[in-house]
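The analysis underlying the following values was restricted to heavy atoms, covering all of them including side chains, and did not include hydrogens, waters or symmetry mates. Note on naming: letters A, B, ... go to the chains in the order of the sequence lines (proteins, then strands), and numbering restarts at 1 for each one.
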Number of protein chains: 2
Amino acid sequence: MTVPAQKHGNASLAIAEALRHAILRGDYTPGERIIQDQLSAKYGGSRIPVREALRTLESEGLVRLVANTGAWVASLTASECSEVYQTRERIEPLLLRFNAPEITHDYIAELDELAKKMENARDVEEFLRLDREFHLGMYQRVPTYLLGELGTRLWNTTQPYRRAYTMLVDTNNLGIVHSEHHMLVTALRDGDLDLAEQVVALHIRRTRLHLERHPEVFTIKTDNTH
Amino acid sequence: MTVPAQKHGNASLAIAEALRHAILRGDYTPGERIIQDQLSAKYGGSRIPVREALRTLESEGLVRLVANTGAWVASLTASECSEVYQTRERIEPLLLRFNAPEITHDYIAELDELAKKMENARDVEEFLRLDREFHLGMYQRVPTYLLGELGTRLWNTTQPYRRAYTMLVDTNNLGIVHSEHHMLVTALRDGDLDLAEQVVALHIRRTRLHLERHPEVFTIKTDNTH
DNA sequence: TATCGTGACATTGTATCCAATTCTGGATAC
DNA sequence: GTATCCAGAATTGGATACAATGTCACGATA
């Protein structure tokens, strides 16, 4: 895949976007080494924009850079992941509150639709896509200075483990998850923002506690952890 | 000031550090344009490490980059600053909880000392330095994956406005601030972590409400805002 | 007078080359 | 068999040069 980079001044951006997508898609495993030359060959260009793209992704927590040594796809330990989830537990309710003015009746209907589709998701990838759309979409109704980015970052860095966990429990054993989604939709429909905040926090908290009981999810990374 | 950068692979780091310090120190005003050539001349080197340093600082929220156009020292509007404070209100109590195990009796004594020194601070700069040490020091007892960095970032991006606000109200009109600091020390000494969390949140909340009543603090930026 | 090109200039973005550092694998010593 | 050390290769970091882009003053035109 060669990124055209038609215009000058967008190569690093385009590479960052492509690599971010590839990582979230699961094309790379956590802990995998990234070689600048390989990326510049793949996307067509010199190593300079690749280096800038790696810096960008590092700041998003998706890549880990070590001076004079190299870059790796970020990997989390179980306790680091737990920390991210605890952070989400505090941030996402606030994000919901910021976005509340634009969570209209029409949009709540869309959320309801998404929640139903998730129940019938055929495979893990479809479930993950819908889950992401359900949660992150809700947080992007209103433009924010940093909360939106922060929420996305927290979501992105935990993506490989969410995938591994979802595959572990299988998509039809997610009853509680679906209940919580419907509870959230109901709370929003009732205009009960305090309850909605609590449901979001509980949803994240319960998932974290589940994850903490499955440390094997965190062994998918390759051994070149550094 | 020329950064030595003796070893290969540290120039961008050194430049980032120097520039970060300069911004926090107030050498640049929010909204000020940053020219890559000027920085590379100042710190001695080519523009490549300067560019990487700018990317790093952008990810910290201290610099704003626009493709093909340039870089500016970050500036906040009143509502953006309010958002940062609301985020701090949720994050810092969690940070306190993470660090609690290492907030020993000896360290609480240090905090008490800092709180007292702050009451006798001669000028604004000294007050700001002590205030930073009091709050951020408390959050760096235990190494974290991202919470520590996040707390520092939220603190740093609001630094120019904290300075402007402190100059506005003068250092001897900060009675409530000092009371809150002592309340926090007391709560920690009593081992009442829930109360400590609440004091931190209230401390931030009250400051935010004060700031919101002083929009003139946000007019210090130069006009080339973009 | 206000608005819209238009050009030169300033500044940023990228490629190429070279230097510095780290990594690898095998030879040697114990 | 294991550890240590030392080339050589692989890889990253940085400097210079040039291309692409944006800025801004200036003048033409309505």
SB check Arg153(B) Glu149(B) (cutoff 4.0 Å): no
Does a side-chain N or O of Gln36(A) approach OP1 or OP2 of dG13(D) to a distance below 4.0 Å, or not? yes
Yes or no on salt bridge (charged side-chain N to carboxylate O under 4.0 Å, His left out) for Arg208(B) and Glu212(B), after CA distance, side-chain angles and deciding distance? CA-CA 6 Å; Arg208(B) 167 168 66 84; Glu212(B) 285 174 358; 3.2 Å; yes
dT11(D) P sits how many Å from Ile34(A) CD1, rounded? 14 Å
Rounded to whole Å, CG of Asp37(A) lies from C1' of dA10(D) at a distance of 9 Å
Rounded to whole angstrom units, what separation is found between the CG atom of Leu13(A) and the P atom of dT12(C)? 17 Å
Within this structure, what is the CG-to-C1' distance between Asn68(A) and dT21(C), rounded to whole angstrom? 5 Å
How would you list all residue pairs meeting salt bridge (Lys or Arg N to Asp or Glu O under 4.0 Å) that involve residues 11-25 of chain A, not counting sequence neighbours? Arg20(A)-Glu60(A), Arg25(A)-Asp27(A)
Atom CG of Leu39(A) and atom P of dT12(D): how far apart are they, to the nearest Å? 9 Å
What contact category does Ala67(B) fall into here, base, sugar-phosphate, or nothing, at under 4.0 angstrom with non-hydrogen atoms? sugar-phosphate
Distance, rounded to the nearest Å, where Ile35(A) contributes CD1 and dA10(D) contributes C1': 8 Å
Choosing from dA20(C), dG22(D), dT14(C), which nucleotide comes nearest the side chain of Thr69(B)? dG22(D)
Whole angstrom value for the distance that separates P of dT12(D) from CG of Leu65(A): 10 Å
Is there a salt bridge (charged side-chain N to carboxylate O under 4.0 Å, His left out) between Glu110(B) and Arg141(B)? Walk through the geometry before answering. CA-CA 13 Å; Glu110(B) 276 185 50; Arg141(B) 311 303 295 169; 5.5 Å; no
Quick one: does NZ or CZ of Arg88(B) land under 6.0 Å from the six-membered ring centre of Tyr85(B), within 45 degrees of the ring axis? yes
Whole angstrom is fine here: how far is it from CZ in Arg33(A) over to P in dT11(D)? 7 Å
Closer to the 5' end of DNA chain C via nearest nucleotide, is it Gln38(B) or Arg47(A)? Gln38(B)
Using heavy atoms and a sub-4.0 Å distance, could you list which residues of residues 48-59 of chain B are near DNA chain D? By number, please. Ile48(B), Pro49(B)
Under the ring pair (Phe, Tyr, Trp, His ring centres under 6.0 Å) rule, collect the residues that match up with Tyr145(A), sequence neighbours excluded. none
For dG13(D), the Watson-Crick or wobble counterpart (both distances under 3.5 Å): dC18(C)
Side chains of Arg55(A) and Ser12(B): any donor to acceptor distance under 3.5 Å? yes
